[in-house]
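In the text below, chain A, chain B and the rest are named by the order of the sequence lines, each starting its count at 1.
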Protein chains: 12
Amino acid sequence: MYVVKSPLSDADLKAVADALQGALVDLIDLSLVAKQVHWNVVGPRFRSIHLQLDEVVDSARLHSDAVAERASTLGVSPDGRAATVAAKSGIGATPEGWVKDTDAVKTLVDALGAVITRMRERVATTADPDPVSQDILIGITADLEKHHWMFQAENG
Amino acid sequence: MYVVKSPLSDADLKAVADALQGALVDLIDLSLVAKQVHWNVVGPRFRSIHLQLDEVVDSARLHSDAVAERASTLGVSPDGRAATVAAKSGIGATPEGWVKDTDAVKTLVDALGAVITRMRERVATTADPDPVSQDILIGITADLEKHHWMFQAENG
Amino acid sequence: MYVVKSPLSDADLKAVADALQGALVDLIDLSLVAKQVHWNVVGPRFRSIHLQLDEVVDSARLHSDAVAERASTLGVSPDGRAATVAAKSGIGATPEGWVKDTDAVKTLVDALGAVITRMRERVATTADPDPVSQDILIGITADLEKHHWMFQAENG
Amino acid sequence: MYVVKSPLSDADLKAVADALQGALVDLIDLSLVAKQVHWNVVGPRFRSIHLQLDEVVDSARLHSDAVAERASTLGVSPDGRAATVAAKSGIGATPEGWVKDTDAVKTLVDALGAVITRMRERVATTADPDPVSQDILIGITADLEKHHWMFQAENG
Amino acid sequence: MYVVKSPLSDADLKAVADALQGALVDLIDLSLVAKQVHWNVVGPRFRSIHLQLDEVVDSARLHSDAVAERASTLGVSPDGRAATVAAKSGIGATPEGWVKDTDAVKTLVDALGAVITRMRERVATTADPDPVSQDILIGITADLEKHHWMFQAENG
Amino acid sequence: MYVVKSPLSDADLKAVADALQGALVDLIDLSLVAKQVHWNVVGPRFRSIHLQLDEVVDSARLHSDAVAERASTLGVSPDGRAATVAAKSGIGATPEGWVKDTDAVKTLVDALGAVITRMRERVATTADPDPVSQDILIGITADLEKHHWMFQAENG
Amino acid sequence: MYVVKSPLSDADLKAVADALQGALVDLIDLSLVAKQVHWNVVGPRFRSIHLQLDEVVDSARLHSDAVAERASTLGVSPDGRAATVAAKSGIGATPEGWVKDTDAVKTLVDALGAVITRMRERVATTADPDPVSQDILIGITADLEKHHWMFQAENG
Amino acid sequence: MYVVKSPLSDADLKAVADALQGALVDLIDLSLVAKQVHWNVVGPRFRSIHLQLDEVVDSARLHSDAVAERASTLGVSPDGRAATVAAKSGIGATPEGWVKDTDAVKTLVDALGAVITRMRERVATTADPDPVSQDILIGITADLEKHHWMFQAENG
Amino acid sequence: MYVVKSPLSDADLKAVADALQGALVDLIDLSLVAKQVHWNVVGPRFRSIHLQLDEVVDSARLHSDAVAERASTLGVSPDGRAATVAAKSGIGATPEGWVKDTDAVKTLVDALGAVITRMRERVATTADPDPVSQDILIGITADLEKHHWMFQAENG
Amino acid sequence: MYVVKSPLSDADLKAVADALQGALVDLIDLSLVAKQVHWNVVGPRFRSIHLQLDEVVDSARLHSDAVAERASTLGVSPDGRAATVAAKSGIGATPEGWVKDTDAVKTLVDALGAVITRMRERVATTADPDPVSQDILIGITADLEKHHWMFQAENG
Amino acid sequence: MYVVKSPLSDADLKAVADALQGALVDLIDLSLVAKQVHWNVVGPRFRSIHLQLDEVVDSARLHSDAVAERASTLGVSPDGRAATVAAKSGIGATPEGWVKDTDAVKTLVDALGAVITRMRERVATTADPDPVSQDILIGITADLEKHHWMFQAENG
Amino acid sequence: MYVVKSPLSDADLKAVADALQGALVDLIDLSLVAKQVHWNVVGPRFRSIHLQLDEVVDSARLHSDAVAERASTLGVSPDGRAATVAAKSGIGATPEGWVKDTDAVKTLVDALGAVITRMRERVATTADPDPVSQDILIGITADLEKHHWMFQAENG
C-alpha cells in the first residue's frame, strides 16, 4: 500500500525511527503525568505548581506532535496509542490520589529527568543518520531541560 | 489528609464521581485516538481529515480538563494516567499503522459513537444527584454529537 | 441513502425535530425582520436602534446555525429556505417602508415576544426526549429574553 | 413623512432603485440557499464544501447589507422580508433534504450563475444614472464571480 | 409605570425573583470581599493569592451582572446598592486590616462556601418555575465551586 | 505584625491616608450606583445611557483599585467592605426600583458632582505631604470630571 | 526642481488636479466641522451624536489623506493649510458655541450635502482624464453619502 | 440655555479657558502643518521624514481632542474651526509647494518650538487655578518636546 | 476537459485575457525585482530603502494573485511560471550584484514606470469588454502609482 | 566598492555561497510553481489543494528570504532574478494550463522531492565551513520534508 | 557641534540634568539586579518570584528609556554605559551565586528602597526648574513604590 | 546547598559554562551599548538608526536571557551584574556624548564584530560537550551576523 520513499537508507531510517517513536511515547506520557499532577496537587503552592504544570503539558503536546509528524515525514508510522504509551514510557509509575505540592515538584523533577536522559541518547544516535531529525530533538531537549531546571529550583 | 467537604451526600457523590471518572478516561482516550489517526491517515482526503481530527483533539482535551477539574471540585481525585486510560476506555482498539481516509472516518464515527452512548448514560445518572455536573456533561455531549454528525456526513 | 443512527427513539426524535425545525424558521425570520428594520428605521433614535438591531441579527444568525446543526446532528434534515420561512414563521407580518423609531421598537418587542412564547414551549417539550437539545434551546431563550427586555426598556 | 432629497433625478433614481432592490433579494436568497446546503450536504467532500459554503454566506450577507444601505442612502426603502425574497429571487428552487456533495457544488454553481447574470445587467443599467452605485455592484460581481469559479473548479 | 409582561406566573416569578435578588447581593459582596483581601493580604504567598483573588473578583462581577440583568429581563427591579449588600449578604463579616496569606485563603474558603450553599438552594427552587433562570444559576454555581476547590487545595 | 516603613512622616501619612481611604469609599460606591442605574434605567434613551453607565463603572473600578493599592503601598490598610461603603460614601441615597432615563442622567450628575467636590479637596490636601499620591488623585479627578461633563451635556 | 513626469497630459492633469485639491479642502474642513460639533453638542442625544460625529471625522481624515497623496502621486503639490481650508471650503460657516443635538444633526446634513454635490461634479469631470482618480473619488462619495443618509435618518 | 456649574471660580476659569483654547488652536494647526509637509516632502530622507511626520499628526490630533474636551468639561465651549485656527495659531506661515527634506525638518523644529514656548506658559498660568488642567498640559508638553528633540537630532 | 462558461463573448474575453496575463507577468517580475534590490542595496539609506522595497513586494504579490485568480474566474488559465516571466516581463534587465541606494531608487522608479504605462493601457482596453476586470486593474494602478510617487520623491 | 569582511575563509565562503545561491533559486521557483498550480488546479479536491498550495508558497517565500539575507550577511550578493531562476532551478518544467487535482499533487511531490534532494546535499556541504548557515538549511529542509509528506499522504 | 536650545535656564538645566542622569543609572542597575536575581533565585517560591522579578525588569527598562530620552530632549547627553552604571548606581552590591527566595525578596526590597529614596529627592529638586521632568519622575516613583509594596508584602 | 545534577561531565560542564557566561556578558553589554547610541545619535539618519538600534537591543535582551537561563539549566549560576559586565565585556569602550549617525553605524559594526568573533569560538568549543547549548549559540550567532550585515550595508 502507501509507501513513502524515504531520503534515508534503511539502516539510518531504522535508527531514526526508533528514536522518534521512543520520544513520542515519552512525550505523550509526560503530558498525561503533568496533567494528572495538575489536577491532584494540593498544598500552599497549589496555584503556582498547577499553572507551571500546564506549561509542561503545552510543551509536551507540541513536542509529541512534532516528533510524530517527523516520523510520518520519513515514512514511518508513529504509534501514540494509550496501550503503547502505558507499556513503553520511560517515566516511572505515578501514584494515584492527591499529591502534596512538594511531592508534585519531585514527581516532575523525576519524570523530566528520565525523559531527558533518553532524549540525549536520541540526540547522539540521530546525529549521523539524520541531522534534520536531530535538530528537532535538540530543540525539544533544550526545552525539557529548561522545565527541569525550573522544577529543581522550586526545591532549591 | 486533605479532605474537601463535598456539597453532595456520600451516595450522590459516588454516582457523580463514577460518571466523571468514566468520562475522563473516555475523553483522554478520544484525544489520543484522534491524534493517532491525525498522524497516520493517508488518501485523497488526507488534508481535510487531518485538520478535522485536530478539532476533535482540541475538544477532547478541553472536555477532559473540565471533567477532571469538576471531580477535584467535588473532592474526588481524578485518574488520567496512561495505564488507567488503556485499561478503562470505552473506545475499541485502534489498529496500528497507516489508515486510509475512508477508514479514518469510520474509526472516528465508531469512537465518538461509543463515547456518546456512555456520556448519555452519565447525563441520566447525574441529573438528580448533581445538576451542576450534569450541565457540564450535557454541554460535552452536545459537542461530541456535533463531531459525530460531521464524520457521519463525510461518509454520507 | 444517507442515514444517521439517532441516539433517540423515533417518538422522541419526532418531538425534538419539530421543536428544532420550528426554532430554525423563527430565528431566520427574526434575523430578516431585524435587518429589515435596521435598514428602514428613521427618527431621533435612529443610530441607537440601528445598532441595537444588528445585535439581534447577530444573535439570531448564531442561534439559527446552532439549531440547524443540532437537527443535522440528530439525523434530521433542517429546512431554512426562504419559502419555508415565509410560510411557517411565528412572527407576524412586517409592514414595508420606512419605520419610525418608536414603531421599530414595538415591532421588535412583538417579534421577540412571539418567538419567545414558542421557544418556551419547545423548552418544555424537549426536556424528556433530549436534555441536550433542551439545553441549547434554554440558552437561546435566555438570550432572546434579554433582547426582549432591552427593547421593552426602550419604551419604558 | 420622511423624505431624503436624492442626488439623482427621478428617472435615474427609478433605474438604480430597481437594480439595488433586485440585488438585495438575490443576495439574501443566496445567503439562505448557501446556509441550507451548508447544513444538508453529505459525502466525502462534506467538510470542505461545508466550509466553502460559509464563505459564500459571509459574502452574501455583507453584500446584501451594502446594497440595502445604498438604497436607503438614495432615499429608497429596501425590502428584504422573507415573503419578498421567496417571491422575487432569481435563484431557482432548492430541493429539500440531504444533498450529496457533488449536487451541492452544482446547486451553488447554478445559484451563483443566476445571480451573476442579473448582477451584470444591473452593472450595465446603473452606469449612467449613478456610477457610485455601479461601483458597489461591480465590486460585488467580482466577488460572486470568484466564488463561481471556485465551485466550477470543484467540478473540473 | 413601566411594566414588563413576564413569561412567568406571579407565584413562579416571586420565587425566581427572590433567588435572583439573593444571588445578586451575595455576588456583589463576594466581589467586594475578594478585593478587600486582594489589597490587604501579606505573607510569602502574597503574589499568588493576590492574583488568584482578582480572578474571583472578575467572576463575581460577571455573574452579578448576569443575575441582575436576568431579573430585569423578568420584569423585576434588581437592587445592588451598598446598603442592601451590607444588610443582606450571606457572607460573614470580614475583619479589617492586614490579612496573613493563610487567613486570606481561609476567608475565601468560608465566603465561597457560604455563597455556594445558598446558590444550590436557588438552583433547586428555580428548577420548576423557570428552567432558563436555573440554567444561569447552575453555570454560576459550577464556577464558584471551581474557585472553592482551588482555595481549599491551597490549604491541602 | 507586618509594618511597611513609609516614605512619609507620620503627619503627612495621616493626611494622605485619609484622602485615599475617602476616595476608595466614594469610588466603590460610584461603581455600585452606576451599575444599579445601568440595570434599572428605562425610557427612550435606555440603550445609550445603559452603555454610558458601564463606562463609569469601568472607570470607577479601575480608580478604586488604584487608590486602594496606593494606600497599601504607603503602609496603610485600605477598607473597601460593603458596610464601610454604605456608611461612609459621599454619594446620597439612590432610590430603589426602575429609573426613567432623564432621572438616571440626573442621578449620575449628582453622584459624580458629589465625588468630584471631595476629590478636589483631596487633591489640595495631598499636594504637600505626597505629590505622588496627589498625581494619582489628579488623574482620577480629570476622568471623573469628563464623565460629569458628558452626563450634563445629555441634559443640555 | 523636483518634477514628476505625470502619466496624464497637461490638460487632463489640470482638470484632475483641481478636482483633487477641491476635494482635499472640503474633506479637511469636514473633519474640523465634525470635531467642532463633536465637542459642542448638547441635549438628550448627546452621546449618540457625539460618537456618530467621530465616525465622520475618521472618514474625512482617511479620505483627505487619500486625495492629497493622489495629488502628490500625479506630481501636483497638495495644499491643506488652515488658511487655504478657511478660504476655499465648500461648507458654510459653522456657528460658535454650544449646539443643541437637533441643530448638530442639521449642521452635518448641510455640510455633508454641500460636499457631496461638489464631489459628484468631481466624479464627472475626472472620468475621462483619469479613471484612476475618479475611482478614488467614487469610493469617497459612496462613504459620504452613507453618512449623509444616517444623519438625515436621525431627523426622519 | 445649557450651563455647566464649573468647579472653578470665574477668574480661575477665565485663565484656564484661555490656556485651553490657545492650546487647541496650536495643536490643530500643528496637525495640519505636519500633514501638509507629510504630503509635500521630497529628497533622500523622504520615507523617514514622511513617517515621522505622521507620528506628529497622531500626537497633535490626540492632544487637541484632550484639550477641547477638557474645555467642555469645565463648561467652556471650545472653538476649533478652520477660520479660528487660521487666525489664531502660534505657528508661522507654512510655504506652499514641495519641501526639501532638510527644510521639512526645519519647518517642524520651528513649528514645535513655537507651540512648546506657548505650552510652557500655559503650564505656568494654570498651576494655581486648576492643577487638573495643568497636568493635562504638562503631559502634552512632554510629548511635544520629545518630538522636538527628534527633529532637532535629525539636523544634528 | 474543464471549461468555464465565461460571462464574456469570445472577442471580449480575448482582450481581457491578454490584459490580465500581461499584468500577471509584470507583477510577478516586479515582486522579484523588488526582492532582488531589497537584498542587494547598500548605502546610507540602506534600512529605509530595504523596508520600502518589501512594501512593494507585498503589493506586487497581492496584486499578482488578484489578476491570476481573475483570469481563472473568467475561464482563462493564468501563466506565472519563471520562464514565462523571464521572457515576457515589461521591466528591463536588473543588473546583478550590490546596488547603491541611489541606484536602487532609480531601478524602482524605472520598473514601476514601465509597469504603470502598460497597466494604464490595460485599463483602457478592458473598459468596454469587462468593467469588472477593469475595476481590479484600476485599483492596482492606483497602488503602483503611489509607490512610484514615493520612490520619485526619494530622488526629489 | 562595498565589501563585507566575511567571518569565513575564502574556500569555506565559496562552498557556502554556492549552497545558499542554489537554495535561493530552488525556493523562489518552488514559490512560483506552487502559485501556478494554486491558480490552475481543478477537480473535486480543488479547495483543499488550493489552500494547501498557499501554505507551500508562504514557506517558500519565507525560506527564500532567509537564504538570500544569509548570503548578504556573509558578503555574497544573492541573485533571485527571474532569468536566473528560469535557468538554474532544480525543479523540472511545469506544464501550462489547467491541472487536475491528482496531477497537482503529483507535481508538488516531484517539485518538493527535487528540492529536498539538493537541500540535503547543501546541508552536508555546509556542515564544516559554516554551521550557522547549515542550521538555517536544516530548518528549511525539515519544513520542506513536512510538506512533502503531506502531499505524498494525499496520494496514499 | 550639535546643540539643542533648551527651554530651561542653565541653572535649572543643571539641576534637572543631574536628576535625570542619576535616575538613569539607578534604573538600569535595577533592571540588571532584578534580572540577576530572576536567574539565580531558588526555593519553594521560585516560580512566583521569578515572574515577579521580570515585571520589575520591564518597569525599569521602560523607565530608564523615558528618563534617558527626557535628558536628550533637554539637550543633555545621557550616559547609560556599563562602567557608569557600575560606578554610580545607588543600589548596594548584589552577591553572586544562587539566592534563596526569601533573600531574593529582601534584595529587591532593599534595591527598590534605595532607588525610591533617591527618586523622591529628584522629585523635590525638579519641581521648580522643570515641572515636565518632575511629572515623569513622579510617575516612575509611583510605579517603583508599588513594586516595593509587593515585595514587602511577600515578607509580611 | 542547592545543587543541580548536570547532564554533563565536569569537564564538559566547565567548557560550556565558560562559553555561556562569556556570551551573557557580551550580550548584556551589547544591549547597553546599543541603547547608549540609541539615545545619543544625531544627524540626518537619526530616526532610521535610532529605530534600528532598538532592534539590536531587543535581540540582545532576548539572547542574554536565553544564555543565562541555559546556564541555570545546567546548574551554573549566571553572573550579569553591572560590575561584571563592565569588567569582562568583549566590546571596546564606547565614548560618551552625542554621536554622529555615521559614527553610530561604525560603533555598532565594531561592537557586533567583536561579539560575533567570540560567539563563533563558543560555537566551536561547545559542539562536543553539549550540542544543545551549541544550538542555542548558533541561533544567536545567526541573528547577530544579520544585524552586522545591516549596519555594514548602511556604510556601503
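Rounded to the nearest 0.5 Å, atoms CG (B/Leu144) and OG1 (C/Thr73) are 11.0 Å apart.
Looking at C/Ile138, there are no atoms closer than 4.5 Å to chain B (heavy atoms on both sides), in backbone or side chain.
Listed by sequence position, C/Asp130, C/Pro131, C/Val132 are the residues of residues 101-133 of chain C in contact with chain B, using a 4.5 angstrom heavy-atom cutoff.
In plain terms, the two heavy atoms of C/Lys5 and B/Gln152 that are nearest each other are N-NE2, 3.9 Å.
Among residues at least two apart or in separate chains, there is no ring pair (Phe, Tyr, Trp, His ring centres under 6.0 Å) pair with a member in residues 55-80 of chain C.
Here the side chains of B/Trp149 and C/Arg70 are not in contact, with every heavy-atom distance at 4.5 Å or above.
Atom CD of B/Glu96 has 12 or fewer neighbouring heavy atoms from other residues, nucleotides or ligands inside a 6.0 Å radius.
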